[in-house]
Amino acid sequence: TRDLMFYGSYSESFVLNAAALTRENVPIGPAAPTTSKGYELGVKTDLFNGRVSSTVAVFQIDQKDRILRFNSFSATGVTVTNSLQGTLDRSNGIEAEITWSPKDNWQVYVSGALNDTRVKEVPKGEEVFLGAHPEASVKALANLWTRYSFKDGALKGFWVGGGFNYTGKKAQRTNNPKLFLPAETLWNSAVGYDWKYDG
């Protein structure tokens, strides 16, 4: 309808890996590309003559052959390095965003996402990694931004904005499921001036 739309999407991607695979310091061949498949279902709205617009979506992303890097011990007790493929990481999540314009010169934007990413498949013999969070994955994200533009008076043309970006705990090592960077919030502000140049 004019104010409501349901949608679905499917996508595929790949990233080349310019790296060599190793098992216990022994090269076992070049790395294959990392490939992904993504599915998304969502709904978009545009209500109150454009004053409120939003998107809510659920998604699943499967990523295959991420390079799994970790150290282990050889039979003689020497520390050796491993770079293996054969992984499957699955992300299941929901994300939402809304833009609200209380006035023509004032906008508020809010977004958030919950995304649970887990290791679902591993090379044979490395089952200890199953269920772990891949490096740098984050479960919770949130953003808020607002902008107000001055339309009249001495401040006409100026605008001010502010907001924050929240990032939840970030996984650090697949082989240490309890190692996370703490959550953080980054605050932002801005001041600007808009004008039109007629050359």
Side-chain angles (χ1 to χ4, degrees), residues 7-25 28-44 54-73 79-99 109-145 163-188:
Y7 73 92
S9 68
Y10 170 78
S11 61
E12 296 183 2
S13 65
F14 73 95
V15 176
L16 293 176
N17 290 310
L21 302 180
T22 61
R23 183 181 289 275
E24 297 186 353
N25 288 350
I28 56 175
T34 298
T35 61
S36 296
K37 293 182 179 181
Y39 310 83
E40 182 174 330
L41 294 173
V43 57
K44 293 179 176 288
S54 67
T55 302
V56 179
V58 294
F59 60 88
Q60 176 177 297
I61 302 171
D62 285 345
Q63 179 179 262
K64 297 187 67 174
D65 286 327
R66 173 176 57 90
I67 298 178
L68 184 63
R69 295 183 172 92
F70 61 96
N71 294 333
S72 61
F73 296 102
T79 301
V80 292
T81 59
N82 302 271
S83 298
L84 304 175
Q85 288 186 303
T87 57
L88 171 64
D89 303 324
R90 175 165 292 167
S91 298
N92 290 298
I94 182 171
E95 57 187 7
E97 62 181 41
I98 184 170
T99 301
Y109 172 79
V110 181
S111 67
L114 291 175
N115 181 19
D116 188 38
T117 307
R118 302 277 183 163
V119 178
K120 292 295 186 180
E121 294 180 10
V122 294
K124 187 176 181 180
E126 308 302 337
E127 286 76 14
V128 67
F129 297 110
L130 287 173
H133 299 282
E135 288 91 343
S137 61
V138 176
K139 188 170 185 178
L141 297 169
N143 302 279
L144 169 68
W145 180 258
F164 69 85
N165 304 99
Y166 169 80
T167 302
K169 295 188 297 182
K170 182 180 294 184
Q172 289 302 289
R173 299 295 299 168
T174 303
N175 59 347
N176 187 346
K178 295 186 177 181
L179 182 59
F180 288 83
L181 282 179
E184 62 180 5
T185 302
L186 177 65
W187 295 89
N188 301 282

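By convention here, the first residue in the shown sequence is residue 1.
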Pairwise side-chain contact, [X] with [Y], heavy-atom cut-off 4.5 Å (strictly under):
{"X": "L141", "Y": "T167", "answer": "yes"}
{"X": "D116", "Y": "S91", "answer": "no"}
{"X": "N188", "Y": "N165", "answer": "yes"}
{"X": "K169", "Y": "K139", "answer": "no"}
{"X": "Y109", "Y": "S111", "answer": "yes"}
{"X": "Q85", "Y": "L21", "answer": "yes"}

Checking side-chain polar atoms at under 3.5 Å, does [X] have a donor or acceptor matched by the opposite partner on [Y]?
{"X": "N25", "Y": "T81", "result": "yes"}
{"X": "K64", "Y": "T35", "result": "no"}
{"X": "Y7", "Y": "E40", "result": "yes"}
{"X": "S36", "Y": "D62", "result": "no"}
{"X": "S137", "Y": "T117", "result": "no"}

* Asked: Within the distance-only criterion (no hydrogens, no angle test), does the side chain of T55 pair as donor or acceptor with the backbone N or O of A96 below 3.5 angstrom?
  -> no
* Asked: Would a distance-only check, ignoring hydrogens and angles, find a side-chain to backbone donor-acceptor pair under 3.5 Å from T79 to F73?
  ->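 No; judged by distance alone, with no hydrogens or angles, the pair does not exist.
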* Asked: Would one find more than 12 heavy atoms of other residues, nucleotides or ligands at under 6.0 Å from atom OH of Y39?
  ->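 Yes.
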* Asked: Does the side-chain contact (heavy atoms from CB on, under 4.5 Å) test come out yes or no for L68 and S83, once each step is laid out?
  -> CA-CA 6 Å; L68 184 63; S83 298; over 6 Å; no
* W187 vs F164 aromatic rings, parallel, tilted or perpendicular, using cut-offs 30° and 60°? ->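 Aromatic pair W187/F164 classed tilted.
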* Nearest heavy-atom pair of P123 and L84: which atoms, and what distance? ->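 For P123 versus L84, the nearest heavy atoms are CG-CB, 4.0 Å.
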* Might you work through the salt bridge (Lys or Arg N to Asp or Glu O under 4.0 Å) test for K44 and E97, ending with a clear yes or no? => CA-CA 10 Å; K44 293 179 176 288; E97 62 181 41; 5.5 Å; no
